[in-house]
Peer 1: 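Below you will find the structure I want to go over with you.
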Amino acid sequence: MRLIIRDDPAAASSYIAKYIIDRIKHFNPTKQHPFVLGLPTGSSPVGIYKNLVAAYKSGEISFENVVTFNMDEYIGIPREHPESYHTFMYKHFFSHVNVHPSNIQILNGNAPDLEAECVQYEAAIKARGGIDLFLGGIGPDGHIAFNEPGSSLASRTRVKTLAYDTILANSRFFGNDLEKVPKMALTVGVQTVLEAREVVIIITGAHKSLALKKCIEEGVNHMWTLSSLQLHPHPMIVVDEDATLELQVKTVKYFKSIEAVAASQGFEQILPSKIRTGPRPAGKPIEPLPEEKEEPSILAPQPLTSTLLAAPATEYPTGGIYGYDVLAFAVVMQSHFVQISENMFGNFIAGIELVTTIIDALRSSGNAATEFRKLITQLESLRTALVQLKDLECEEHQRPQVKALEQAAAWCHRTTEEFWNKARKYQPHLEKTNGHSGFRLKGNWMKIKWATCKKQNIARFKAELMGHTQSILIALAAIQMFGVPQIYIIENKTSGTAHLWARFRRGVRNTPDDGTDIIF
Ligand SMILES: N[C@@H]1[C@@H](O)[C@H](O)[C@@H](COP(=O)(O)O)O[C@@H]1O
């Protein structure tokens, strides 16, 4: 444990800012090997951000190859709310430096599935090779991030109910109105923080002096979650004089003397070189995140969060059984139908699987932005259309329509594959990290989130899908029109279409219950 004592909050803040700058410089981050920085909110780190911004503006440091993970976020207030941690971060830091927007990770307190959001956050941290330096503050009750008293010291990113003391403390940001303070939050866990290669904490003010005492002079205790830092190999707490008021004089003297001796030997609080430079990735380097030179994405800093970060916390689109499902089960009498070519049939199956995977991935990304939801709806439509195609057989005279259908499906497949391949660029690294398929999949969700976070990319992909889906449906309708007298329905017993079949049967009059060979 290193305890650095400075005269006042300003001196403590500039010490930490300089320390972070030095760490990033020693690390020498690259696109392939970025420095991963954990970040807090609260009033305590504001001075640190000011110093970092000033250093960036004077050309002393670049955040070009820095990836950030924020500690926590309130649940239930919009991201553009003036007191959301999204807004805080852009206001105090991200909007003023060159952190790449796609390198910024903040928990989404409006995610439709909050638990999935937390799981993905942990996976994303792992996928970036872990956090090199986690900067944090504490609450007056010694909580770190939103790990309130009583939090498990083995906890990971999760949903947390806020303690009354925290609600009270944070009410100053909400016009002192307790009712307005969110009661729940998403937060990294104590264990998430402890797994960072280095943890740096700022504590200032007399109102936090008891917490400091509990955390460094007494034992590890879940009632003062910062005390868990005693178990970390490289923790550093930087405080002002006021924060030391409850410490024993000998504790203060001890830590001051350590710093003085170190300085007399010509070094400050030094770290093992591997920690300073971070473990370089073995084998294949981590793929850099996609360039984001175009218009701001939903994570981009400017023009402020109000427009760019608006993402209603609404439900996912309802699953796709549409009016045109009826067409899906139009199948012509066996004796003289045209077979969809085997190759194309295989493509339909592969297409359905691919679209299903992408839908699952997008849903699990927890991104509730309108673009994402619209894209999922469009993919649902496409999947429904592909399911229809899979089971389609037509008469000889319908061959031209079948050809048109195959062509539309092929285009569609190409577009979908292109999108997926883009997202899969990162797959080798993820596989290397953990061979378990579940993890790979989770990693992929995050990658998809990154790869598609550009609004216009999502919009373009969605528009293309819409065009292809419409072509398929038009071709299908043509087949139906030209073959009405001969069109039959047969039941498809595969599980993928069973529910569609059930829906269809409910919607059609005079259909026999056995569901086979139905004639219109
Ligand atoms: N979740 C945040 C913590 O991460 C932060 O450390 C604490 C202290 O904030 P302040 O620095 O304003 O005292 O506030 C909130 O509870």
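Every number for a ligand or one of its atoms is a count from 1 in the order of the listing.
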Peer 1: Just by modelled atom types, is the His222 backbone N or O under 3.5 Å from a matching donor or acceptor in the Thr225 side chain?
Peer 2: no
Peer 1: Any idea which protein heavy atom is nearest atom 15 (C) of ligand 1, and the distance to it?
Peer 2: Tyr85 OH, 3.6 Å
Peer 1: Just checking Phe173 against Phe88, ring centres under 6.0 Å apart?
Peer 2: no
Peer 1: For atom 9 (O) of ligand 1, find the nearest protein heavy atom and state the residue, atom name and distance (0.1 Å precision).
Peer 2: Gly42 CA, 3.7 Å
Peer 1: Are side-chain heavy atoms of Tyr56 and Leu52 found at a separation under 4.5 Å?
Peer 2: no
Peer 1: Look at the side chain of Ser171 and the backbone N and O of Phe174, then say whether any donor-acceptor pair between them is shorter than 3.5 Å.
Peer 2: no
Peer 1: Between Tyr85 (side chain) and Ile106 (backbone), is there a donor-acceptor pair under 3.5 Å?
Peer 2: no
Peer 1: Considering both backbone and side-chain atoms of Ile138, is one of its nitrogen or oxygen atoms within less than 3.5 Å of a nitrogen or oxygen in ligand 1?
Peer 2: yes
Peer 1: Around atom 13 (O) of ligand 1, find the nearest protein heavy atom and jot down its residue, atom name and distance.
Peer 2: Lys208 NZ, 2.6 Å
Peer 1: Looking at Asp240 and Gly205, would you say the former's side chain and the latter's main chain have a donor-acceptor pair under 3.5 Å?
Peer 2: yes
Peer 1: Quick test: of every protein heavy atom, which one is nearest to atom 5 (C) of ligand 1, and how far off is it to 0.1 Å?
Peer 2: Thr41 O, 4.0 Å
Peer 1: With a heavy-atom distance limit of 4.0 Å, tell me whether Ser44 approaches ligand 1 through its side chain, its backbone, both, or neither.
Peer 2: both
Peer 1: Can you sort out the partners of Thr161 under side chain to side chain contact (heavy atoms under 4.5 Å, CB included), two or more places apart, ordered by chain and number?
Peer 2: Met184
Peer 1: Counting non-hydrogen protein atoms only, what is the nearest one to atom 3 (C) of ligand 1? Give residue, atom name and distance.
Peer 2: Ala145 O, 3.4 Å
Peer 1: List the closest protein heavy-atom neighbour of atom 16 (O) of ligand 1: residue, atom name, distance to the nearest 0.1 Å.
Peer 2: His143 NE2, 2.8 Å
Peer 1: Among all protein heavy atoms, pick out the one at the shortest distance from atom 1 (N) of ligand 1; state its residue, atom name and that distance to 0.1 Å.
Peer 2: Asp72 OD2, 2.7 Å
Peer 1: Answer yes or no: does an N/O atom from His207 fall short of 3.5 Å to an N/O atom of ligand 1?
Peer 2: no
Peer 1: Heavy atoms only: give me the nearest Lys160-Thr187 pair and the separation to one decimal.
Peer 2: CB-CG2, 3.9 Å
Peer 1: Give yes if a backbone or side-chain nitrogen or oxygen of Ser43 is under 3.5 Å from a nitrogen or oxygen of ligand 1, and no if not.
Peer 2: yes
Peer 1: Heavy-atom contacts with Arg172 under 4.0 Å: which atoms of ligand 1 show up? List them by number with element.
Peer 2: 10 (P), 12 (O), 13 (O)
